[in-house]
Amino acid sequence: MKQGIPKHRLLSAAILFAAASVFFAIFPCPAFALTEVEISPVQTPNGAVLFIADGMSAPFVYPELTPYALDGSPLERARLEAIPEISKESAKVLELRVPQTFTGGGHSVLVTGNPGADSEMVSFRDATLFDVLHEQGYLCIGVMEKGDSWSICAEHDAILRDEKNSISKLAPTLESYEHNPGPSKVPPGLLKLMEEKAAGAPGYVSSKEAGERYSGYNRWGIDTAYALVEYMAREYPGQKYLLTVNVGAVDMSGHYRGNYGYLDCIENLDADLMPLYELCKRNDIAFILTADHGMAFPTDDSRGGHQGEKYSVSDEAQLVPLIVRAPDVETGVIKGEFGQEDAAPTLLGVLNVPGKPRFADGEQIVLKSYVNLEVKLPGEGSVELLKAGKPIASPENDDEFLFLGLEPACTYTVKATFKGENGPEEKEEELFLETNSVIEFRDLVLKPGANDGSGIESATASEARIGSGSGTGNNGIFGIGFRQLIGYFLIGMINLTGLVIIGKILKKP
């Protein structure tokens, strides 16, 4: 008579199943991905270079503006070649005004979209464009000669920073940070390249001539950025990334070399910039040129400033350039009054990433002929999108949907059907779409006054919950975020190993 399976072997199998259950509870595998629906064709950049020329004032580089000294006398503009050529192929925001005219504040506003941001706010969860991009599978790398506060550095996966901020003693160091569970996603070859560029930095500032040292300081940042973009295009063409570059010599020239030394440094930066721009263009990398603050001068041939009371109120200290070149971005001068806090949501819009940082007050400057809409459901379901009462898309079997290429300044109706806590639910919301937006249907009991009682939260990206772990099909590796890849791999290995062990246990006499 055949005996049953020994109790100790059944117990071993039970323990294995229990361990697997605990693992799944701690490391849940995403049940769904994000479904993308192109309403009209769109081109999403492969990444972006955010180039920050520290202290570069728009009146000194824009031909439409005239710089003045604090005493009212007109000053000379920089004589440029590259930046005007780049502007012809870009959207150029004519008036972008900074709310804080010092380096730490300017960088904090740039990355959070909040006009009152400081380094502490940068460190908060989901507070920066880096947080939003990390959730979308982007790699965030930096080359920063100034503005590299501890919180800015910690937002990057890898960053080269000049701790001393010294023109004559350029000695950048490499720092790396973990932003996802499991092994670091920063390619080892990229880290090696960054170390090599750091080691070669002193040679850029070895000249005895002051102007050449200042220009060499900027040139190191530009050349390093070029090498990193080239490496990513060659070795990791499918990995999207944001490269933040901050060059610091323009600001220091304004402080120590007067307005003519300031112009000289801008002109030399301009002469070095075109190769990096062309490389980005060839590889469909968005190129964004801006500054953290400007620079003002009391008189002609005087040293400048931007933070003191007499400087900070001037247009020269407050107005900075914003020039954006990317696929689908329409060329031309963008008139109107905008704030530096609009830069973060605008950059995300350029990358077709809906949403914006948690504390962002700024609004997206729409630089494309279309906008995008993300719809989030609390469970698996379907969404019907209507325009003027006519259905234009009806995707299903997912919990997040991204509609790309929608006509702006139009009213859309979103009808959602999903599995709620009490069974199937149907919700409907109407919205006037002016910028990239997120609408979230929540199967939750909300506090009184949170909405109209329907259990729906609908808002522009600034009011919606952003960066909750959704990834787009075009990001990460093979369109899957790194966290998802690690989860799928580990769960697959545990399942396979468990089946083999259980099979052996059950087969033994």
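Computed from a predicted structure; not experimentally measured.
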Novice: Any chance you could lay out the side-chain contact (heavy atoms from CB on, under 4.5 Å) test for Glu230 and Leu279, step after step, and finish with the verdict?
Specialist: CA-CA 7 Å; Glu230 188 177 49; Leu279 179 65; 4.1 Å; yes
Novice: Taking NZ, NE, NH1 and NH2 as the nitrogens, is one of them in Glu195 or Lys197 under 4.0 Å from a carboxylate oxygen of the other?
Specialist: no
Novice: Testing the 3.5 Å rule here: is there a donor-acceptor pair between the side chains of Lys356 and Asn436?
Specialist: no
Novice: Suppose we screen for side chain to side chain contact (heavy atoms under 4.5 Å, CB included). Which residues come up paired with Lys164, at least two apart in sequence or across chains?
Specialist: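 In terms of side chain to side chain contact (heavy atoms under 4.5 Å, CB included), with neighbours along the sequence ignored, Lys164 is linked to Asp162, Ser166.
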Novice: I'd like to check the side chain to side chain contact (heavy atoms under 4.5 Å, CB included) partners of Ser369; sequence neighbours left out, ordered by chain and number.
Specialist: Glu330
Novice: Check this for me: does any side-chain nitrogen of one of Arg161 and Glu145 sit under 4.0 Å from a carboxylate oxygen of the other?
Specialist: no
Novice: Do Arg358 and Asp131 meet the salt-bridge criterion of a basic N to acidic O distance under 4.0 Å?
Specialist: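 Judged by the 4.0 Å cut-off on N to carboxylate O distance, Asp131 and Arg358 do not form a salt bridge.
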Novice: Return each pair, listed once, that meets ring pair (Phe, Tyr, Trp, His ring centres under 6.0 Å) where at least one residue sits in residues 300-334; pairs must be two or more places apart or across chains.
Specialist: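 Every ring pair (Phe, Tyr, Trp, His ring centres under 6.0 Å) pair that includes a residue of residues 300-334, provided the two are not neighbours, is His255-His306, His293-His306.
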Novice: Can you name the residues that form a side-chain hydrogen bond (donor to acceptor under 3.5 Å, both in side chains) with Glu407, not counting sequence neighbours?
Specialist: Lys387
Novice: Excluding sequence neighbours, so at least two apart, what forms ring pair (Phe, Tyr, Trp, His ring centres under 6.0 Å) with Phe401?
Specialist: none
Novice: For the residue pair Asn246 / His107, report whether a side-chain donor-acceptor contact shorter than 3.5 Å exists.
Specialist: yes
Novice: Please answer whether the main-chain N or O of Ile365 pairs with a side-chain N or O of Thr346 as donor and acceptor at a distance below 3.5 Å.
Specialist: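 Present.
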Novice: Go through the structure and list residues passing side chain to side chain contact (heavy atoms under 4.5 Å, CB included) with Ser253, not counting sequence neighbours.
Specialist: Tyr214, Arg257, Cys265
